[in-house]
2 protein chains.
Amino acid sequence: MATYKYPRPATTVDIIVFTIRQNRLHILLINRGIEPFKGVLALPGGFVNTSETLFAAAQRELKEETHLSDFHLKMFGIFDDIERDPRDRVLSVGFYAIIPSHDIIVEAGTDAENVDWYVYEDLPALAFDHNKIVDLAFKTLISDLENSSLPSKFLETEFTLAEFQKVYEIILTKEVDKRNFRKWINSTDYFVKTDKLKSGGQHRPAALYKIKSSDDETIKNSVQSTQNEMSQITDTSSETDYQQGYQSGFQQALKNVTNFVNKTQP
Amino acid sequence: MATYKYPRPATTVDIIVFTIRQNRLHILLINRGIEPFKGVLALPGGFVNTSETLFAAAQRELKEETHLSDFHLKMFGIFDDIERDPRDRVLSVGFYAIIPSHDIIVEAGTDAENVDWYVYEDLPALAFDHNKIVDLAFKTLISDLENSSLPSKFLETEFTLAEFQKVYEIILTKEVDKRNFRKWINSTDYFVKTDKLKSGGQHRPAALYKIKSSDDETIKNSVQSTQNEMSQITDTSSETDYQQGYQSGFQQALKNVTNFVNKTQP
DNA sequence: GCAAAAGTGTTCCCGATACACCCATGC
DNA sequence: GCATGGGTGTATCGGGAACACTTTTGC
């Protein structure tokens, strides 16, 4: 290894905060108050200190800039283009966060002139390579929908199945079959029907569901820990030559490893 | 954002080089020539310069320490435990490489007293948190077997189906059904039968296959580009509460995004 | 009673799996 | 001719997907 005296790239974290408002997926952006890209929209984020993990840095930055503190947080990528920051060599580690719609807090912090929500599908050009980071965040979010407990992070602790289904439909921009959706809900042991009902309009009240857990508060205010590891490099280019590998006879073996565990931490 | 004057973590790359020797999965380790962990086995790797991408750093380090230059290379994780390096705050980005068995070159470089192959299943305690890094590299390799073209990187450009099947069996430590395996080979359009045969012993010669590609050399000497992005945080802890998410009606949509493209670059 | 959303089962299809025998060659 | 690995097809099963009607409430 080289010594410690060489110039080293700096490291930042950038956070894509997803929420759903008015039936559309939104992300949180700041209007940059300083150069470079002053006045341009950018992701919340900032430099990583030497005394904190990447997760801690992401939590700290998001709190500083938006006063949000509890959310589902997940590392999804690293961005290392040499010229991605005009000032210096800066690596960035991307995180995405999910907050329920009712938790919306928008309050500019130190570095941000302005913080606001923007419709995901209609984003302008962002500072640095942040459009690229957002793209990968969204792709990761989509693939993470397979983790069943994830989409309920967009909702309050108790939710109707119609609301839950709507989350999928909004993110995927695709209609979902109600019967199959409910069949799947029952096939997992992730959700339980509470004995409460939600009445809303001139129709039959809907049963409220919640995540099955010994500790509801842990779920609601969770930050997803990943033991500081990530995997699965992705390529955002749109070649379609992916092909499934051979699985016969060892599909189970593959599944056991492929289906990474998601663990929450308080 | 903060200014650029704060102390910053250093960034290293560590590379797990996989190959198959004597029908067993091996990885390349160096016997560290310098403190800390002098005399202890460790992964090849080193510090990232400000003028290179993480991929370039991984290629450079591997070449410096092992004189290997052409290989399949993939980023799979980031390791940021605060105390992972006793000297300083050091982030490490993990890569794995695959080289065909016949390409084996072992030659100690600048920082390594010794470089050698070790059986994956029988590794000793390594320096730093390298055991943890190796664990995730292997898990990523397993899940990447679903990318069909990947396991052929362990072989020469032309290979028999028996050899190819053996690669799966060695890595998964599990027998694979020959008929289903060949059915799958034909169902993909990744491989083509050449008109060559390989005779080897008192039995019927086997047809040689190769990856279907317009440029065979590109495949053989490829370094996998990932546009410097990675995704899919994983957790090596062994909780088993993973659950598949609901897919009905939008499984295709999910698959299109989940099945990340693997792109090669010269 | 009627509008509006909640709730509920069955059938079809495809891909994954299990499984056994003949073929071509070297000696 | 026989030992050795190469090469081939069929039947079953399970999960994903498509699909329509009854139920309960508010007005």
Side-chain angles (χ1 to χ4, degrees), chain A residues 23 145-146 148 158-169 172 174-189 191-209 242-256 258-259, chain B residues 23 145-146 148 155 158-169 172 174-209 242-256 258-259:
Chain A
N23 286 337
L145 292 186
E146 294 187 8
S148 58
E158 296 186 340
F159 48 87
T160 68
L161 295 188
E163 290 165 350
F164 197 20
Q165 181 178 336
K166 191 78 181 173
V167 169
Y168 280 95
E169 293 180 334
L172 297 171
K174 184 175 188 309
E175 288 194 357
V176 171
D177 181 84
K178 182 166 59 169
R179 278 165 296 189
N180 291 338
F181 183 79
R182 286 158 188 259
K183 223 181 306 173
W184 166 72
I185 291 283
N186 290 326
S187 75
T188 74
D189 60 349
F191 309 103
V192 287
K193 190 194 289 196
T194 67
D195 49 6
K196 301 181 200 164
L197 295 177
K198 181 174 183 177
S199 301
Q202 51 192 46
H203 56 80
R204 183 173 173 176
L208 283 167
Y209 284 69
Y242 178 90
Q243 193 83 19
Q244 279 261 330
Y246 179 63
Q247 304 184 339
S248 179
F250 52 80
Q251 178 164 329
Q252 299 326 314
L254 285 175
K255 280 289 161 57
N256 289 341
T258 306
N259 295 339
Chain B
N23 286 338
L145 290 186
E146 295 188 7
S148 58
L155 301 170
E158 296 186 340
F159 48 87
T160 69
L161 294 188
E163 290 166 349
F164 196 21
Q165 182 178 336
K166 191 77 180 171
V167 170
Y168 279 96
E169 291 180 333
L172 296 172
K174 186 174 187 308
E175 289 194 355
V176 171
D177 181 84
K178 182 166 58 168
R179 278 165 296 189
N180 292 339
F181 183 80
R182 285 157 189 260
K183 220 180 307 173
W184 166 73
I185 291 283
N186 290 327
S187 75
T188 74
D189 59 350
Y190 259 75
F191 310 103
V192 286
K193 191 193 289 196
T194 67
D195 48 6
K196 302 180 199 164
L197 296 176
K198 182 175 183 176
S199 301
Q202 52 192 45
H203 54 81
R204 180 173 174 177
L208 283 168
Y209 284 70
Y242 179 89
Q243 193 83 19
Q244 279 262 329
Y246 178 65
Q247 305 184 340
S248 178
F250 53 81
Q251 179 166 326
Q252 298 328 315
L254 285 174
K255 281 287 163 55
N256 288 341
T258 306
N259 295 340

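Numbered from 1 within each chain, the chains take letters A, B, ... in sequence-line order. Values in this document were obtained by computation on a predicted structure and should not be read as measured data.
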Rounded interatomic separation in angstrom, taking [atom1] from [X] and [atom2] from [N]:
X: K198(A); N: dT25(D); atom1: NZ; atom2: P; result: 17 Å
X: I185(B); N: dG15(C); atom1: CD1; atom2: C1'; result: 17 Å
X: E169(A); N: dA5(C); atom1: CD; atom2: C1'; result: 13 Å
X: L161(A); N: dT8(C); atom1: CG; atom2: P; result: 9 Å
X: F164(B); N: dG6(D); atom1: CZ; atom2: P; result: 15 Å
X: D177(B); N: dA11(D); atom1: CG; atom2: P; result: 16 Å
X: E175(B); N: dT17(C); atom1: CD; atom2: P; result: 15 Å
X: K178(B); N: dT17(C); atom1: NZ; atom2: P; result: 18 Å

Of the listed nucleotides ([options]), which one gets closest to any side-chain atom of [X]?
X: H203(A); options: dG7(D), dA5(C), dC27(C); value: dA5(C)
X: A206(A); options: dC19(C), dA6(C), dG6(D); value: dA6(C)
X: Q202(B); options: dT24(D), dG26(C), dG6(D); value: dG26(C)
X: R179(B); options: dG9(D), dG7(D), dG7(C); value: dG9(D)
X: K183(B); options: dG7(D), dG9(D), dA6(C); value: dG9(D)

Quick check on dG7(D): is either OP1 or OP2 less than 4.0 Å from any side-chain nitrogen or oxygen of R182(B)?
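R182(B) to dG7(D) OP1/OP2: side-chain N or O found under 4.0 Å.
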Any non-hydrogen side-chain atom of L208(B) less than 4.5 Å from a side-chain atom of L197(B)?
no
Interatomic spacing from NZ in K183(A) to CG in D177(A) - rounded to 0.5 Å:
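The NZ atom of K183(A) sits 7.5 Å away from the CG atom of D177(A).
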How long is the span from the CG atom in N180(A) to the CD atom in Q165(A), to the nearest 0.5 Å?
10.0 Å
With no angle test and no hydrogens, is the base of dA18(C) tied to the side chain of N180(B) by a donor-acceptor pair under 3.5 Å?
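It does, because a donor-acceptor pair links the side chain of N180(B) to the base of dA18(C) below 3.5 Å.
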Upstream residue (5' side of DNA chain C) when G200(A) and N186(A) are each assigned their closest nucleotide:
G200(A)
Which word best sums up how the rings of W184(B) and F164(B) line up, parallel for under 30°, tilted for 30 to 60°, or perpendicular for over 60°?
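Taking F164(B) first and then W184(B), their aromatic rings sit tilted (interplane angle of 30° to 60°).
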Which atom pair, heavy atoms only, marks the closest approach of K193(B) to Y209(B)?
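K193(B) and Y209(B) have their closest heavy atoms at CE-OH, 3.2 Å.
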